[in-house]
Amino acid sequence: MAKELLKGNVAIAEAAIRAGCEAYFGYPITPQTELLEHMSKRMPELGRTFLQAESEVAAVNMVYGAASAGVRVMTSSSSPGISLMQEGLSYIAGSEVPAVFVDVMRGGPGLGNIQPSQSDYNQVTKTAGHGDYHPIVLAPSTIQEAIDLMVLSFDLADKYRTIVFMVLDGAIGQMMEPAELPPMRELPTERPSWALTGKGNRDKNIVTSIRLGAQPLADFNDILQEKLAVIEKNELRYDELYTDDAELVIVAYGTAARVAHTAVKRLREENIPVGLFRPISLWPFPYQRLGELADRVPTFLSVEMNAGQMIHDVREAVGRDVELDFFGRPGGIIPLPEEVEDKVRAMWRQQELAAQIN
Amino acid sequence: MAKGRVVIDVERCKGCELCIQACPQDVLTLSDEFNSKGYRPVFLMEHENECTGCALCAVACPDACITVYREIPQKKARPAPSAAAAD
Amino acid sequence: MATLAFQQSEDKVLKPIEKLVYERPHALDETHTHYCPGCTHGIAHRLVAEVLDELGVQEKAILVAPVGCSVLAYNYFDVDGAEAAHGRAPAMATGLKRVNPDSVVFTYQGDGDLASIGIAEVIHAAVRGEKITVIFINNAIYGMTGGQMAPTTIEGQVTTSSPLGRDVAATGFPMHIAELLSGLPGTVYSVRRSLHDTRHIIQAKKAIKIAFEAQLQGLGFSIVELLSSCPTNWGMTPTDALDWVRDSMVPQYPLGDYKVVDELKRKRGRK
Amino acid sequence: METSIIIAGFGGQGVLFAGQLLTYAGMDQGRHVTWIPSYGPEMRGGTANCTVIISDDEIGAPTVARPDVAVALNLPSFEKYEPLVKPGGVLIVNKSLISEQSERTDIAIVEVRANRIAKEFGSVKMANMAALGALLAKRPLFSLDDLLQTLHDHLPKRKHNLLEANKLVLQHGYEVGMETAVPA
C-alpha cells in the first residue's frame with residue numbers, strides 16, 4: 001500500500017479498524033475527537049459496533065462489557081476523560097480482559113486546556129487506577145509509528161489479556177504526515193474460551209475482579225505480577241540516535257522527542273556530542289538500557305511536555321552517580337528546538353568546565 | 001382434596017419461616033434440629049391437616065430449597081410414563 | 001417439564017403416583033447464597049431463573065451483577081456472568097449486548113447501585129432503547145454497607161445515616177424509578193411489583209417474563225422494579241419485614257404498569 | 001534542505017487547505033513533509049494557522065518559532081508573523097486586507113491583492129491560491145505545474161469544476177511574485 005498524507009487521529013482510528021477492532025465506545029473530547037468521528041463513520045459501514053456513550057465513565061464500562069465478550073475493543077479520550085476512566089481501567093485490569101485505550105494528552109491539571117501535553121505520564125504508567133498493575137503504555141512520535149503501534153496494541157492486549165495504552169499528544173493527533181496503513185485483517189470467527197457469549201453447552205464463564213478472601217486476592221496479585229514481569233522482559237521498546245559516542249543524552253518521547261531530534265541534529269553540527277534516547281514503551285520503561293548508557297555517559301537531560309514526570313523513571317534508570325537535568329514546558333506548550341539547544345549548550349559548557357577542573 | 005408432599009433441602013434452608021407464613025394448610029414448622037450452617041430448617045408436619053401440594057411454600061422460599069410433589073389420583077394414573085408426564 | 005415419581009408395584013410395572021409440582025429452577029447454580037435468612041433477593045433470583053427456564057434462554061443468558069448485596073449474584077445463576085463497577089451494570093451490559101446481539105443480557109441491581117451512583121447509566125441505556133432487561137431491587141436501604149439511607153428510603157425511615165428518620169427537606173424525596181424510566185421513549189416495559197406475599201410474587205414473575213420477552217422480541221429497554229425486604233438492616237423478622245413492605249413501601253411506591261408498549265400488550269392479550 | 005512555512009489568516013480563508021496542498025505537493029515530489037494546524041476552542045471566525053515543513057531529511061519538530069516563509073492573509077497574522085520570518089526568508093502579504101507595510105529589509109516581501117485576484121476569477125475563496133502562487137515565485141519548492149498536478153490529484157472530484165479557476169488564480173499570484181523585486 002502506498003503512503004498517504006494522514007492526520008494522526010484519523011490514521012490511528014483507521015489502523016485500529018484494520019487491526020480488527022470490532023467495537024468502539026467513546027465520548028467526544030478535544031484533541032482526539034476526529035478519532036471518534038472516523039469510527040462513527042467507518043464502524044457501521046463494516047457492520048461493527050460504534051457507540052457514543054453518555055460519559056467517559058459509561059464508555060469505559062461499555063469497553064469492559066465488550067472486552068468481556070472477547071472482541072477486540074477500544075476507546076479513545078484525552079487527559080480529563082482518562083481521569084474519569086480510572087475506575088473502569090482498574091476493573092478491567094482486575095478481570096484480565098484485553099482492551100485498548102488511546103490517550104491524546106492535553107494540558108492539566110483540571111480542565112486545563114486543549115493544547116499538546118504529556119501531562120498523563122504518571123496517570124497512565126503508574127497503574128491507571130487503583131491496585132497493583134500497569135497497563136502496557138506505548139508512545140509513538142510519528143504518524144507511521146502511531147499506526148504500527150496501534151496494530152501492535154491490539155496484539156499485545158490479546159496476548160497478555162491486558163490493557164494497552166497508546167499515548168500521544170495533541171500535536172501528533174492533529175498533524176499530518178505521509179504514512180502507510182496496514183492491510184485489513186480478517187476478523188476472528190471464534191471468541192476466546194473465557195469470553196461471555198452465553199454458556200451454551202459449556203460451563204458458565206465469569207468475568208469479575210472481586211476476590212473477597214485476602215489470600216485469593218493475594219494469589220491473584222502474585223499471578224498478575226508474574227505476568228507483568230514477563231511483559232517487562234519481552235515488551236521493551238526504544239529508539240536511539242547518536243548514543244554510541246554521546247557524552248550527553250537527551251531522554252524524550254512523543255513530540256518532545258521530535259523536538260529533541262531537531263535539536264540533537266543541530267547540536268551535532270556544532271560538534272557537541274549529544275545523543276537522543278527515545279522510550280517507545282513507557283511501561284515497561286527501558287530502565288536497563290538507560291542504565292547501560294549511564295555506565296558511560298555522565299550527563300542526561302529529560303525533555304518533556306510537562307513539569308517533569310518521566311524524569312523520575314530516568315533517575316531510577318541512570319542511578320545517582322550521573323548528572324540528570326530537566327527541560328520541560330507544562331501547560332500545553334511544545335518546547336522549541338532552540339530552547340532545548342540552549343539548555344544542552346549550557347549543560348555542555350558546565351560539563352567541559354568540570355572536565356578541565358578535574 | 002389432593003394430597004401433596006414437600007421435600008426440603010435442609011442444608012439450603014435458612015429457617016426464615018416465609019414458607020410457614022405462606023402455607024394455607026399450616027403444615028410446615030421449624031425443626032428442633034440445626035443444619036450444618038446453624039439454621040433450624042423447615043419440615044412438613046404429620047398433622048390433622050394435610051399438604052395439598054399447592055406449592056405456595058416454594059413460591060415464597062428465598063432459597064429455592066423446596067421441591068413439591070402432588071399425588072395423582074389412582075384412577076387417573078396412566079401406565080405409560082410418557083403419557084402421564086403431561087402437566 | 002413435569003417429571004414423575006414412581007412407586008414400584010408388586011407386578012414390577014412402574015406406576016406414577018405423584019407428579020412434580022415445583023422444583024428448583026435449572027438456571028440457578030447449586031451454590032448456596034450468602035443472603036440473610038428471609039431476604040427477598042433469593043426470591044427475585046429464583047423468579048428470574050424460573051423465567052430463564054421457561055423461555056429456554058439459559059444458554060444464551062448473560063448476567064451483569066452490581067455492587068451491593070447481590071454483588072455475587074453471578075455465583076447463584078448457572079449462566080455466563082460479569083461483575084460491573086458500582087452503578088455501571090447498564091453500561092457494561094450495553095457493551096456485552098452490542099457485540100453479542102443474539103444473547104439475553106440482564107442486569108440485576110439494587111437501589112443504591114441503580115438509583116444513586118448508576119442513575120446516569122440506567123437512564124441512558126433506556127434512552128438508547130438498549131435491548132437489555134433490568135431487574136431492580138428496591139428495598140429502601142443500602143444493604144451491604146450496613147443499612148444507610150438510599151435514594152429510595154422513604155420519608156421518616158430510620159437508617160444508620162438518617163438516624164432521626166429521613167428528612168426529605170434535607171435529603172430529598174424517595175426516588176420512583178419505574179415511573180421515571182417509563183417516561184423515556186426507549187423504554188418498552190417499566191413496571192413495579194412487590195415480593196411481600198405469594199400472590200404478589202406470582203405477579204412479579206409474570207412481569208419478569210414479559211420483560212425478558214420484550215428483549216427477545218428486540219423491542220427495547222425493559223425494567224421490573226421489585227419492592228423487596230431487608231430484614232437484617234430494618235431490624236425485623238423476615239415475616240415482619242414483608243408486612244412492612246406491604247404497609248409502608250407499597251403506599252409510597254404504588255404497584256403497577258408504568259409503561260407497556262402496544263406490542264407487549266397484544267402479546268399478553270392473546271394469551 | 002528544510003523549509004518551514006506558516007500560513008495564517010481568518011478561519012474560512014482556506015488557510016488549512018493551502019497548507020495541505022503544499023504538503024501534498026511536497027509528498028508527491030518525494031520529500032519529507034509535515035502539516036500541523038493550530039487548534040483552538042473557537043469554531044468560526046477565529047484566527048487559524050498551520051505550519052508546513054518540507055525537507056530532504058526526516059523531520060523532527062513539526063512546529064517552528066521562526067519560519068522560512070510566512071503567508072499572512074489578514075492583519076493579525078501580518079502583525080504576528082512579519083517580525084518572525086527568518087532573515088533571508090519570504091513574507092507573502094495579502095494586500096487586499098492588509099494596508100500596513102513591512103519595514104524589514106532582510107526578507108523578500110510580496111504584496112499580492114489576493115482577494116481581488118480571486119474575485120476576478122470567480123470567488124474570493126481562492127485568495128489562498130493567489131498567495132500560494134506568489135510564494136512559489138519567490139521560493140520554488142516545486143514548479144507551478146507540479147502544484148497544479150497535485151491540486152488535480154487531491155482535490156475531491158466533485159470540486160474539479162473549480163480546477164481551471166484555481167489554476168488561473170495560482171498563475172496570476174505567481175506572476176505578481178515574479179514581478180516583485182527582492183531587496184538587495
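Each chain gets a letter, A, B and so on, in the order its sequence line appears, and its residues count up from 1. A quick note: this is a predicted structure, and the numbers were derived from the prediction, not measured.
- With a 4.5 Å cut-off on non-hydrogen atoms, C:Ser229 does not touch chain B at all.
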(message) Would B:Leu56 and C:Ile202 count as a side-chain contact (heavy atoms from CB on, under 4.5 Å) here? Give the steps.
(response) CA-CA 10 Å; B:Leu56 288 180; C:Ile202 290 164; 4.3 Å; yes
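- When each of B:Thr67, B:Ile66, B:Asp63, B:Val59 is scored by its heavy-atom pairs under 4.5 Å with chain C, the top score falls to B:Val59.
- The one candidate from B:Arg5, B:Lys3, B:Arg70 that meets the salt bridge (Lys or Arg N to Asp or Glu O under 4.0 Å) condition with C:Glu18 is B:Arg5.
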(request) Test C:Leu242 against B:Leu18 for side-chain contact (heavy atoms from CB on, under 4.5 Å), laying out the working first. (result) CA-CA 9 Å; C:Leu242 292 187; B:Leu18 295 191; 3.6 Å; yes
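- When all heavy atoms of B:Glu17 and C:Thr239 are compared, the closest pair comes out as O-CG2, 4.0 Å.
- Using a 4.5 Å cut-off between heavy atoms, C:Tyr76 does not touch chain B at all.
- With a threshold of 4.5 angstrom between heavy atoms, B:Ala55 approaches chain C through side-chain atoms but not through N, CA, C or O.
- Here the shortest heavy-atom pairing between C:Thr198 and B:Ala22 reads CG2-CB, 3.7 Å.
- Between C:Pro37 and B:Tyr39 the shortest side-chain heavy-atom distance falls below 4.5 Å.
- Annotation: side chain of B:Lys14 is not in contact with side chain of C:His32 (no heavy-atom distance under 4.5 Å).
- When each of C:Gly42, C:Ala44, C:Pro25, C:Cys39 is scored by its heavy-atom pairs under 4.5 Å with chain B, the top score falls to C:Gly42.
- In this structure a side-chain-to-backbone donor-acceptor pair under 3.5 Å is present from C:Arg24 to B:Ala64.
- Checked by atom type and distance alone, the side chain of C:Arg46 pairs as donor or acceptor with a backbone atom of B:Cys61 at under 3.5 Å.
- Across all their heavy atoms, B:Cys16 and C:Gly38 have their closest contact at CB-N, 3.1 Å.
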